[in-house]
Every structure is written in C-alpha cells, then in structure tokens.
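These notes concern the structure reproduced below.
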Amino acid sequence: MNGADTAWVSMATALVLLMTLPGLALFYGGLVRARNVLSIFMQCFALAAVMSLLWLLAGYSIAFGEANGLWGGLSKFMLLGVDASTLKGTLPEVLFFAFQMTFAIITPALIIGAFVERVNFAWVMVFSALWMLLVYAPVTHWIWGGGFMADGGIWGETGTRDFAGGIVVHETAALAALLLAVMIGPRKNRHTPPHNPGMVAIGAGLLWVGWFGFNGGSELAADGTAAMAITATHLSAAAASFSWMMWERIKFGRASLVGIVTGSIAGLASVTPASGYVSPWQAVVIGLIAGALCQEAVILIRERLKLDDSLDVFAVHGVGGIFGTIMVAVFGAATFTAQLGALAIVGLYTLLLTYVLAKGVALVFPMRVDKESETNGLDLATHGERAYDLNS
C-alpha cells in the first residue's frame, strides 16, 4: 500500500460524492420551478443511498470482477473476502470500491435532469437501481474492468481510452436521459425560467471543485498524471465558460449567469475522457470548442427538435462526453477505431436496455405523475413538503 496514493484517492472519493451531494442537487434544483426543488434534492439523496447499497451488493462485482470480458461475475458479492489489508494496485481495495461507488451514484443521478417536474418517484428509484446494475456496471467492466474493450481486447493492444468517464458516465447517462425524455413526454409548462439562478451557480461551483477528484482521482495515484488531469480539468472548464459566454453574447447580445455555469459543466464533461492524456493547451482547445458546441446542441434539441430534455443532460453531458472521447484519438492517445467503436457499442446497448427497463418498470409503477400532481408540484404532491412559503 502507498500512503500518498491512499490519502489522495480518499480525498478524491469525498470530492466526487460532493458532486452529487450537494453539487448536482443544487445545480438541478435551482433550474426547476420552486414547487419542484425538493423533489430534486430527494431524488439525489435517495439515489445516493440506494446506489451505494447496490454497489456493495453486486454492482462492484459486476464491474470489477474477473469472470470474463462481458461481465465481472459475482465473486466480489458484498465485498466478501475483502478486508483492510486487501490491495488493488497501491490502494486498499475497499478504498477503490468506495471511489468507484461515487461514480455509480452520480451517473444515474445525472439522468434525472431529463425528466424533472413530471416523473413518478417510485419509478425513478426502481428504474435507476436496475439501470445501474444492468447498464452502468457492465459498461464499466467493458472499459475499466478489463473487459472486451480494454487493452488487448477487440480493438487490439491499445483499447478504448476513457480516463474518467466520457463513455462510462457521460455517454450512458446522456443517451438514457434523451430516450427517457422522449418516452415520458414534455412538461405541461416547459418555458418557466430557473427559480433560483444563484443556487444553480453554487451547485456548478461545487461540481467544478468536485471534478478535480473525479478526473484527478481516476489516476488512482498521487503522481504527475493526476496533477496534469486536475490542471487540464480546470483549464477546460475555464475555456468552455469563456467560449459559452462569448458565443451567447455574439448571438443574443448578452451573457447570462446560467449560461456561463452551464458552459463550465460542458467543459468539465468534455475533458473528462481526455484529462489524463492531454496537455494544458490541448485542454484549452477542448474547452473552447465545447462551450460553443454544447450551446448549439442545447438550441438544436430544445428549440428545433422540441425535445424536453429539461435540464439539457444530453446537450451538455452527452455531446461533451462524446466530443471529448473523440478528441482522445485526435490527440493521439488512442485509435479512432477503439474510440468510435466503443461509442457505438455502448450507445446501442444503453439505448436498448434503457428502453426495456423503462417499459418493464412502468408495468408496475407509472413513469409520469398525474396532471394534478404536475400542476401542484412534486414537492407537495409526492413528498408532502415545500421549500418556500410562496411558490413559483
């Protein structure tokens, strides 16, 4: 065991959990109407609890077991046989388990941004549980767990390169989000502004800081690559914030707070798969392109295609993650075959399983709340609480 590596990844684990609790909760919560903000908090906290237990039960074993190239099996069920002295590289395996658990928490949590203000809480919980075990965990094994798309797999000696989750996290969550937005249908009132832009900015700031653990921690060591990943992460976020702001001002004559912080997230998502492989200037290039690219994707999906991916999950996380994954090949860290092939395989698998699971769970729990609950807001209708005395 290496003490420095253990200390750094312990801190990174806390930073990644900070991204969901409270980062994503605040970011998403500020974007919805005031009558639905607690429903977002509730979904984020409940998913953190349920995904953690399921990761212990079977998720970790499916992702990082050694059964075969398709799935890891159940040899690590409930972490049986793992104690404080069991190592995974230079780390205690239980710490590696905990670090990866925070990824298993935030990935399904990202999806909820696509169907806010209209989804049945029971359906969200059951669907997310099955999706994490049957979509996220197998894809994690394929790319990070020594599966068939890793080095020496179907792409040859150099497999798919995804440093911190452009495919494993962002592509899977974003494609699932887009499909579910279509399946559930648009909100009755989809044109209300964010109820608290300040809350959105606070959440985005916590996500930015937490992303240092997300990307830097993925090196699983306290070394120069981790430092470079952190630096690349910050510079890409800064560049994307700047390009989103400038592109918005050029097109609309003003730059908005919600816009610039959304640009930050676009830069963070875009650099994620490349963060351990690129130099600072390359990270800036990724961020500058991502800011304008993801802004155009928002307009395409929201205004031209009229899809109510309510909080722009696909336009920001999906387009950003896919773009960053391709940039890994552009900058020579992987082959185009491995990167594009992985995007295609994971994309098709995610869409198919998401559709089947969504329809299957809907046989027991309806996807969508009734019209009265949607009008009154999910805070009172579902949870019997409200955030403010006066509701928007």
Side-chain angles (χ1 to χ4, degrees), residues 19 22-32 110 113-114 116 166 170 174 177 190-212 214-215 229-275 278-305 307 309-324 326-327 330:
M19 292 174 69
L24 190 69
L26 289 167
F27 183 73
Y28 279 176
L31 288 168
V32 299
L110 289 173
V116 296
H170 295 290
R190 57 177 293 191
H191 297 296
T192 54
H195 93 277
N196 193 332
M199 184 184 292
V200 177
I202 293 169
L206 289 168
L207 284 166
W208 190 328
V209 173
W211 227 292
F212 294 159
F214 197 87
N215 288 356
I230 290 171
T231 303
T233 298
H234 180 76
L235 289 172
S236 180
S241 300
F242 176 77
S243 67
W244 186 295
M245 176 180 65
M246 295 306 297
W247 193 241
E248 200 174 45
R249 183 166 180 80
I250 290 169
K251 294 187 67 174
F252 307 114
R254 86 290 182 271
S256 67
L257 174 65
V258 171
I260 193 173
V261 300
T262 303
S264 304
I265 306 303
L268 292 163
S270 297
V271 80
T272 288
S275 54
V278 296
S279 66
W281 76 264
Q282 291 170 334
V284 170
V285 170
I286 289 173
L288 287 174
I289 297 172
L293 177 66
C294 292
Q295 187 178 145
E296 288 301 310
V298 168
I299 294 170
L300 172 65
I301 292 169
R302 185 188 296 173
E303 305 298 333
R304 297 176 188 170
L305 299 181
L307 297 179
D309 176 3
S310 310
L311 307 185
D312 305 314
V313 181
F314 181 79
V316 175
H317 295 276
V319 171
I322 291 168
F323 167 66
I326 295 171
M327 292 303 289
V330 170

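For the pair S243 and A292, the tightest heavy-atom approach, listed with the atom from each and the gap, is OG-N, 3.7 Å. The heavy-atom pair separating V200 from L31 by the smallest distance is CG2-N, 3.6 Å. Across all their heavy atoms, A274 and I286 have their closest contact at CB-CD1, 4.0 Å. Here the closest heavy-atom approach between residue P194 and residue G30 is recorded as CB-O, 3.4 Å. Nearest heavy-atom pair across V258 and P197 is CG2-CB, 3.9 Å. Taking each heavy atom of A290 and A266 in turn, the nearest pair found is CB-O, 4.1 Å.
Formation of a donor-acceptor pair under 3.5 Å by the T272 side chain with backbone atoms of G166 is not found in this model. For S275 (side chain) and A229 (main-chain N/O), no donor-acceptor pair under 3.5 Å exists by modelled atom type.
Considering only heavy atoms from C-beta on, I299 comes within 4.5 Å of K251 through its side chain. D312 has its side chain out of reach of I301: every pair of non-hydrogen atoms, C-beta onward, lies at least 4.5 Å apart. R302 has its side chain within reach of R190: a pair of non-hydrogen atoms, C-beta onward, lies under 4.5 Å apart. In this structure, V271 and M327 have side chains that are not in contact, with every pair of non-hydrogen atoms separated by 4.5 Å or more. Considering only heavy atoms from C-beta on, L307 stays 4.5 Å or farther from F314 through its side chain. The shortest distance between side-chain heavy atoms of F27 and V261 falls below 4.5 Å. A 4.5 Å side-chain heavy-atom check between L268 and F212 finds every atom pair outside the cut-off. In this structure the side chain of I260 never reaches within 4.5 angstrom of the side chain of W244, judged on heavy atoms.
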* Asked: Does the pair H317 and I265 meet the rule for a side chain to side chain contact (heavy atoms under 4.5 Å, CB included), with working shown?
  -> CA-CA 8 Å; H317 295 276; I265 306 303; 3.7 Å; yes
* To do: Take I230 and N215 through the side chain to side chain contact (heavy atoms under 4.5 Å, CB included) test and state the conclusion after the steps.
  => CA-CA 7 Å; I230 290 171; N215 288 356; over 6 Å; no
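Centroid-to-centroid, the aromatic rings of W208 and H234 come within less than 6.0 Å.
Here CG of L206 is found 10.5 Å from CE of M19. Values are rounded to the nearest 0.5 Å. Between the CG atom in L293 and the CD1 atom in I322 there is a gap of 10.0 Å [rounded to 0.5 Å]. Residue L288 holds its CG atom at 10.5 Å from OG of S241, rounded to the nearest 0.5 Å. Interatomic distance, CE of M245 versus CG of L257, reported as 12.0 Å (0.5 Å rounding). Separation of atoms CZ (F323) and CD1 (I289) is listed at 4.0 Å; rounding is to 0.5 Å.
Classified by interplanar angle (parallel below 30°, tilted 30° to 60°, perpendicular above 60°), the ring pair F214/H170 is tilted.
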